[in-house]
Chemist: 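First the structure, which I've put down as structure tokens, then a few questions once you've had a look.
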Amino acid sequence: MHLAPSLLSCDFTRLGEELRTIQSADWAHVDVMDGQFVPNISFGLPILAAARRASNLFMDVHLMIDRPERYLRDFADAGADGLTVHVEATAHIHRAVQQIHELGKKAGVTLNPGTPLEAVRPVLADVDLVLVMSVNPGFGGQKFIPQSLDRIRTLRRWLDELGSPAELQVDGGVSPTNARAVVNAGATCLVAGSAVFGSDGAAAGLERLREALK
């Protein structure tokens, strides 16, 4: 089980310090939003590069941007270890996955809660990660969509049928109250933002998640 705190919820005035407080995590999740594919704008290449300089954590970059293939090399050069793209954001999802692998990075694919799971099935054998969005992407702090558990179970079954070692990641509203149910449904990586970067600090937030998973 991998825990991937989402930097979207951290204090950017203390980015280096925040990254040090989550050093016991497995990955750092970096949400990139362009204001087109999703309504919000978050951050881009300079923040990723700064995070890369400040931490040796696996940089798990989720591109919520239109036509992500235009920027894959830039994000790889800025320090991404893994790049996840939306099936809705590109007309050439196979080519995008291939490009990511050619850059020497882990390739992930994801889809919005309202998109049928069949949209990712053609590339399941080719990816290193499948991300289930359990909220509509674009903003942090949203509530977990309960129907996401069925989607996780279905993808878990499909990946197992393929014998795929791909991570099954879940992002959106993950907290100590639902983390165990998400893992029981088949997830192997949990992204959490506001549940980690709370008022008592990220170290305490991570510990609460770990306790919930025991």
Side-chain angles (χ1 to χ4, degrees), residues 1-9 26-43 58-68 75 80 82-91 93 96-97 100 106-124 126-159 164 166-175 177-197 209:
M1 173 54 56
H2 292 140
L3 294 181
S6 172
L7 298 187
L8 188 65
S9 297
D26 303 287
W27 298 356
H29 189 78
V30 182
D31 286 307
V32 179
M33 308 179 193
D34 64 356
Q36 297 183 54
F37 179 68
V38 291
N40 198 17
I41 297 174
S42 61
F43 44 75
F58 184 96
M59 290 293 159
D60 173 38
V61 179
H62 176 195
L63 296 177
M64 288 174 271
I65 65 176
D66 189 42
R67 291 183 291 157
F75 280 100
L83 290 161
T84 297
V85 295
H86 276 258
V87 292
E88 305 95 344
T90 176
I93 190 62
V97 168
I100 295 168
K106 299 290 187 181
V109 66
T110 185
L111 70 176
N112 295 334
T115 301
L117 291 180
E118 287 291 341
V120 298
R121 200 164 190 175
V123 293
L124 286 185
D126 304 315
V127 298
D128 305 290
L129 179 147
V130 183
L131 167 57
V132 176
M133 290 302 301
S134 44
V135 298
N136 288 293
F139 296 93
Q142 299 182 65
K143 291 184 178 180
F144 183 88
I145 297 173
Q147 292 84 353
S148 302
L149 292 174
D150 288 335
R151 289 164 71 83
I152 298 166
R153 293 186 190 100
T154 297
L155 283 166
R156 176 77 275 153
R157 185 176 74 251
W158 290 353
L159 289 170
S164 171
E167 297 281 353
L168 182 50
Q169 186 179 71
V170 179
D171 181 6
V174 174
S175 71
T177 61
N178 58 31
R180 171 51 61 189
V182 171
V183 170
N184 287 346
T188 61
C189 180
L190 302 183
V191 177
S194 55
V196 171
F197 293 100
L209 274 176

Chemist: Looking at CD1 of Ile145 and CD of Gln147, how far apart are the two atoms once the value is rounded to the nearest 0.5 Å?
Modeler: 7.0 Å
Chemist: If only atom types and distance count, is the side chain of Asn178 paired as donor or acceptor with the main-chain N or O of Gly173 below 3.5 Å?
Modeler: yes
Chemist: Working to the nearest 0.5 Å, report the span between CD1 of Ile41 and CD1 of Ile65.
Modeler: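 Answer rounded to 0.5 Å: 12.5 Å.
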Chemist: Using every non-hydrogen atom in the two residues, find where Ser194 and Ser9 come nearest and quote the distance to one decimal.
Modeler: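 Shortest heavy-atom separation between Ser194 and Ser9 comes out as N-OG, 3.2 Å.
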Chemist: With distance as the sole test, does Ser134 use its side chain to make a donor-acceptor pair with the main-chain N or O of Asp171 at under 3.5 Å?
Modeler: yes
Chemist: Measure across Ser175 and Ala195 and return the closest heavy-atom pair with its distance rounded to 0.1 Å.
Modeler: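 Heavy atoms of Ser175 and Ala195 come nearest at CA-CB, 4.0 Å.
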Chemist: To the nearest 0.5 Å, what is the distance between CD on Glu167 and CE on Met1?
Modeler: 8.5 Å
Chemist: Roughly how far, to the nearest 0.5 Å, is the CG atom of Leu159 from the OG1 atom of Thr188?
Modeler: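 Those atoms lie 8.5 Å apart.
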Chemist: Starting at CZ of Phe197, measure out to CG of Leu8 and round the result to the nearest 0.5 Å.
Modeler: 10.0 Å
Chemist: How close do Leu149 and Ala181 get, heavy atom to heavy atom, and via which atoms?
Modeler: CD2-O, 3.8 Å
Chemist: Show me the donor-acceptor pairs within less than 3.5 Å that the side chains of residues 109-117 make with the rest of the protein, sequence neighbours left out.
Modeler:
from   : atom 1 : to     : atom 2 : distance (Å)
Thr110 : OG1    : Leu131 : O      : 2.7
Asn112 : OD1    : His86  : ND1    : 3.4
Thr115 : OG1    : Glu88  : OE2    : 2.6

Chemist: Please tell me if the side chains of Pro68 and Thr90 come closer than 4.5 Å, counting only heavy atoms from C-beta onward.
Modeler: yes
Chemist: Is there a side-chain contact (heavy atoms from CB on, under 4.5 Å) between Leu155 and Val120 once you walk through the steps?
Modeler: CA-CA 9 Å; Leu155 283 166; Val120 298; 3.9 Å; yes
Chemist: Does any N or O in the side chain of Asp66 come within less than 3.5 Å of the main-chain N or O of Phe37, such that one atom is a donor and the other an acceptor?
Modeler: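 Answer holds: no.
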Chemist: Taking the side chain from Ser6 and the backbone from Val191, do they hold a donor-acceptor pair closer than 3.5 Å?
Modeler: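 Flag not set: sc Ser6 to bb Val191 has no pair under 3.5 Å.
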Chemist: Any idea which heavy atoms bring Ile152 and Ala187 closest together, and the distance?
Modeler: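 Minimum heavy-atom contact is CG2-N, 3.8 Å.
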Chemist: Take Val182 and Phe144, measure what side-chain contact (heavy atoms from CB on, under 4.5 Å) needs, and give me the verdict at the end.
Modeler: CA-CA 10 Å; Val182 171; Phe144 183 88; 3.8 Å; yes
Chemist: With a 4.5 Å cut-off on side-chain heavy atoms, are Val30 and Phe43 touching?
Modeler: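 They are in contact (side-chain heavy atoms under 4.5 Å apart), so the answer is yes.
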Chemist: Identify the two heavy atoms, one from Ala179 and one from Leu190, that lie closest to each other, and give their separation to 0.1 Å.
Modeler: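 Minimum heavy-atom contact is CB-CD1, 3.9 Å.
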Chemist: State, to 0.1 Å, how close Asp150 and Arg153 come at their nearest heavy-atom pair, and which atoms those are.
Modeler: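 Taking every non-hydrogen atom into account, OD1-NH1, 2.7 Å.
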Chemist: So, do Leu3 and Val196 sit near enough that their side-chain heavy atoms are less than 4.5 Å apart?
Modeler: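 When only atoms from C-beta onward are counted, Val196 and Leu3 do not touch, as no gap falls below 4.5 Å.
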Chemist: Compare all side-chain heavy atoms of Phe58 with those of Lys106 and state whether any distance is below 4.5 angstrom.
Modeler: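 The answer is yes; the side chains approach within 4.5 Å.
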Chemist: Should His29 and Gln169 be marked as a side-chain contact (heavy atoms from CB on, under 4.5 Å) after you check the CA-CA gap, both sets of side-chain angles, and the distance that decides it?
Modeler: CA-CA 11 Å; His29 189 78; Gln169 186 179 71; 3.8 Å; yes
Chemist: Run the side-chain contact (heavy atoms from CB on, under 4.5 Å) check on Met133 and Val135 step by step: do they pass?
Modeler: CA-CA 5 Å; Met133 290 302 301; Val135 298; 4.3 Å; yes
Chemist: Hey, does the side chain of Thr84 reach the backbone of His62 with a donor-acceptor pair shorter than 3.5 angstrom?
Modeler: no
Chemist: Pick from Asp126, Val127, Val123: which one makes a side-chain contact (heavy atoms from CB on, under 4.5 Å) with Ile93?
Modeler: Val123
Chemist: Name all residues meeting the salt bridge (charged side-chain N to carboxylate O under 4.0 Å, His left out) criterion together with Arg67; count only those two or more places apart in sequence or in a different chain, and write none if there are none.
Modeler: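 Residues passing salt bridge (charged side-chain N to carboxylate O under 4.0 Å, His left out) with Arg67: none at all.
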Chemist: Say you draw a straight line from CE of Met33 to OG of Ser42; how long is it, rounded to the nearest 0.5 Å?
Modeler: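 With rounding to 0.5 Å, CE (Met33) is 5.0 Å from OG (Ser42).
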